Engineer: 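Just dropping this structure here.
Note that the coordinates shown come from a computational prediction; the quantities given were computed from them, not determined experimentally. Note on naming: letters A, B, ... go to the chains in the order of the sequence lines (proteins, then strands), and numbering restarts at 1 for each one.
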2 protein chains.
Amino acid sequence: MSTRREAVRQALSGYSGFRSAQDLYADLRAEGSKIGLTTVYRALQALSDSGEVDVLRTDDGEAVYRACDTESHHHHIVCRVCATAVEIEGPTVERWAAEMGAKHGFTGVTHTVEVFGTCTGCS
Amino acid sequence: MSTRREAVRQALSGYSGFRSAQDLYADLRAEGSKIGLTTVYRALQALSDSGEVDVLRTDDGEAVYRACDTESHHHHIVCRVCATAVEIEGPTVERWAAEMGAKHGFTGVTHTVEVFGTCTGCS
DNA sequence: CATACTTTGACAACCGTTTTCGTTTTCGTG
DNA sequence: CACGAAAACGAAAACGGTTGTCAAAGTATG
């Protein structure tokens, strides 16, 4: 496990919400690191592969990343004003997605669920 | 309302699932149309603005569009091989999303849910 | 210290999307 | 029908995020 990857992980875990690769790169450079953009992308990809961070796409196609507290599969409810994200658990959805897959003869079923709203502070 | 836009709308409604702008462009050209890619994008954007089609992003950042048969809110299960999409209903998820929002003090809660799998024909 | 292997980062390539801009089509009006 | 303004069109260039390339730097091993 390289130092650079660790640096990216730390930069990401300093935030509670989602952060884009470019943002993280800017953060690290601002801190004086000489890291390259390529490496940030590679680190994020590796972290995402190992399940240490979540990835999702914003509406304009940019990938955003988030360091998760828990290892398990879960979803988020994201404030559409301040982008704060709260982790939510959903045995209900998991079961529902699996059922729907089975019902229509689909195998290897996965799903993405994102919930958006306005949080208490922003409404 | 222009002829081109109508052509794009029809090309899209010929499919039951999601279709990318590039796919639609290829479809139209294959039919002999001399439409330009730019126009396809413009038409899709206009249709999306007016709420006639839904847009979402695939995991690799590409925008995909669908013309919905029903006005009502529903989701899809998409085959990751052939991209066929089946509409599914989910009172369960709707309720779950609403509950989660309320539980964390979020207002104006919306959600996106997409289920992926491999359909019977492709597995 | 020598060697093999991995990681790094500058830079270029990619790809879907958007913008630009000159041309064509559409449409209301005389 | 003819005319001119306004809208739509499409080819090509620009754009922006992401990924690939490759030589240099780092690291472990013997």
Engineer: In chain order, what residues pass the side-chain contact (heavy atoms from CB on, under 4.5 Å) check against A:Tyr25, with sequence neighbours excluded?
Structural biologist: A:Arg29, A:Ile35, A:Leu37, A:Val40
Engineer: Considering non-hydrogen atoms only, spot the tightest contact between A:Ile77 and B:Gly101 and give its length.
Structural biologist: CD1-CA, 3.6 Å
Engineer: On a heavy-atom basis, which atom in A:Ala63 and which in A:Val55 lie closest, and how many Å separate them?
Structural biologist: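 What the structure gives for the nearest pair is CB-CG1, 4.3 Å.
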Engineer: Would you kindly give the CG-to-P distance between A:Leu44 and C:dT8, to the nearest whole Å?
Structural biologist: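 Those two atoms, CG and P, are 13 Å apart.
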Engineer: Rounded to the nearest Å, what distance is computed from the CG atom of residue A:Asp60 to the C1' atom of nucleotide D:dG16?
Structural biologist: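 Atom-to-atom, A:Asp60 to D:dG16, this comes out as 10 Å.
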Engineer: Quick one, give me the B/S/- string for nucleotides 16-22 of chain C, reading 5' to 3', where B means a protein heavy atom under 4.0 Å from the base and S means that only happens at the primed atoms, P, OP1 or OP2.
Structural biologist: SBBB---
Engineer: Could you tell me which residues satisfy side-chain contact (heavy atoms from CB on, under 4.5 Å) with A:Leu56, sequence neighbours excluded, listed by chain and number?
Structural biologist: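 Checked A:Leu56 against side-chain contact (heavy atoms from CB on, under 4.5 Å); matches are A:Phe18, A:Val64, A:Glu114.
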Engineer: Could you check whether any side-chain N or O of A:Arg57 sits under 3.5 Å from a backbone N or O of B:Asp59, counting only pairs where one atom can act as donor and the other as acceptor?
Structural biologist: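 Yes, because the side chain of A:Arg57 sits within donor-acceptor range (under 3.5 Å) of the backbone of B:Asp59.
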Engineer: Please list, chain by chain and in numerical order, all residues satisfying side chain to side chain donor-acceptor pair (under 3.5 Å) with A:Asp60, sequence neighbours excluded.
Structural biologist: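 Only A:Thr58 meet the side chain to side chain donor-acceptor pair (under 3.5 Å) criterion with A:Asp60.
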Engineer: Under the side-chain contact (heavy atoms from CB on, under 4.5 Å) test, which residues partner B:Thr92, sequence neighbours left out?
Structural biologist: A:Thr92, A:Trp96
Engineer: Measure OH/A:Tyr25 against P/C:dA10 and give the value in whole Å, please.
Structural biologist: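 Answer to the nearest Å: 6 Å.
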Engineer: Where do N or O atoms of nucleotides 24-28 of chain D meet protein N or O atoms at under 3.5 Å, pair by pair?
Structural biologist:
none

Engineer: Take A:Arg66 and A:Asp54 through the test salt bridge (Lys or Arg N to Asp or Glu O under 4.0 Å) and record every step on the way to the result.
Structural biologist: CA-CA 5 Å; A:Arg66 181 176 193 277; A:Asp54 279 351; 5.9 Å; no
Engineer: Tell me: CG of A:Leu47 to P of C:dT7, nearest whole Å?
Structural biologist: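 Answer to the nearest Å: 13 Å.
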Engineer: Does a side-chain N or O of B:Thr39 approach OP1 or OP2 of D:dG10 to a distance below 4.0 Å, or not?
Structural biologist: yes
